[in-house]
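Both ligands and their constituent atoms are indexed starting at 1 by order of listing.
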Amino acid sequence: MELKFSGLSPYVRKVNIVAHEHGLADRLRLTSVNTHSEPEKIAPHNPLGKIPVLITDAGETIYDSPVICEYLDAEFGNHRLLPASGPRRWQIMTLVALADGLLDAALLVRHERARPVVEQSSEWTDLQLGKVHRALGYFEREVDTFSSDLDMAQVAVGAAVGYIPLRLLDLEGLPKWPKLKAWYDKQSLRHSFRNTMPVL
Ligand SMILES: N[C@@H](CCC(=O)N[C@@H](CS)C(=O)NCC(=O)O)C(=O)O
């Protein structure tokens with residue numbers, strides 16, 4: 001299988017965590033893509049021009065990260081991280097959507113802050129930061145209920161929490177979310193988290 005990726009993408013990290021959990025890391029051929037400077041390399045595979053994109057051994061194209069993660073879990077992991085049906089499936093998928101949405105908002109903040117200062121909208125940034133803070137607050141309240149067995153929600157929350165200190169420096173150390181930080185530090189001992197740790 002080929003995984004089109006870029007180094008620090010938290011969405012790619014989700015896929016890599018699942019791959020490590022299921023012993024698939026060696027089966028992924030990683031192809032680095034810079035989505036901004038070489039859109040021609042990704043748009044033919046994903047019209048949205050986003051990574052991650054997985055090309056399966058059968059030549060099928062799969063995106064985006066929740067779909068790729070579920071593909072790997074269903075086809076190679078016996079649904080260990082995301083049940084195929086039942087109430088737990090919908091709970092987990094909803095938490096995945098929240099973690100992914102947290103990331104989407106964090107990326108929007110990062111891109112806004114990268115624009116010339118005079119063009120930046122603090123209103124827009126605050127709107128997105130509100131989403132980030134509320135999502136982190138939600139996970140802080142829920143983290144005690146997380147299962148001791150890793151599931152797909154925790155994969156997504158882990159990727160989101162691991163990304164924040166890299167790009168939203170004002171939230172570094174997650175001072176307002178100590179239980180979440182402690183949970184992430186503990187998960188970071190897992191080989192799948194350790195081997196996919198983002199390094200600037
Ligand atoms: N919902 C997508 C989001 C993927 C995403 O936004 N990836 C970023 C890199 S971290 C990207 O490719 N951005 C390029 C662009 O938006 O043009 C997923 O979960 O895979």
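- Residue-ligand proximity, P66 to ligand 1, at heavy-atom distances under 4.0 Å covers atoms 19 (O).
- Between Y63, Y11, F5, it is Y11 that holds the heavy atom closest to atom 3 (C) of ligand 1.
- With hydrogens and angles disregarded, no donor-acceptor distance shorter than 3.5 Å links the side chain of E119 to the backbone of R115.
- The two residues L8 and V199 have their closest heavy-atom pair at CD2-O, 3.5 Å.
- Here the heavy atom of the protein found nearest to atom 13 (N) of ligand 1 is T35 OG1, 4.0 Å.
- Polar contact with ligand 1: present for D64 (N/O pair, distance under 3.5 Å).
- The nearest heavy-atom contact from the protein to atom 17 (O) of ligand 1 is G49 O, 3.9 Å.
- Between I68 and P52 the shortest heavy-atom distance is CD1-O, 3.6 Å.
- For ligand 1 and P52, the ligand atoms under 4.0 Å from any heavy atom of the residue are 20 (O).
- Outside the 6.0 Å centre-distance limit, the rings of H111 and W124 are not counted as a close aromatic pair.
- At under 3.5 Å, a nitrogen or oxygen of I51, whether backbone or side chain, sits near a nitrogen or oxygen of ligand 1.
- Counting protein heavy atoms only, atom 16 (O) of ligand 1 is closest to K50 CE, 3.6 Å.
- Among protein heavy atoms, the minimum distance from atom 10 (S) of ligand 1 is reached at S9 OG, 3.2 Å.
- If you check which protein heavy atom lies closest to atom 19 (O) of ligand 1, you get S65 OG, 2.6 Å.
- Without hydrogens or angle criteria, R194 side chain to S188 main chain gives no donor-acceptor distance under 3.5 Å.
- With respect to the salt-bridge test (charged N to carboxylate O, under 4.0 angstrom), the residues K50 and D64 do not qualify.
- Closest of all the heavy-atom pairs between D73 and R80 is OD1-N, 3.3 Å.
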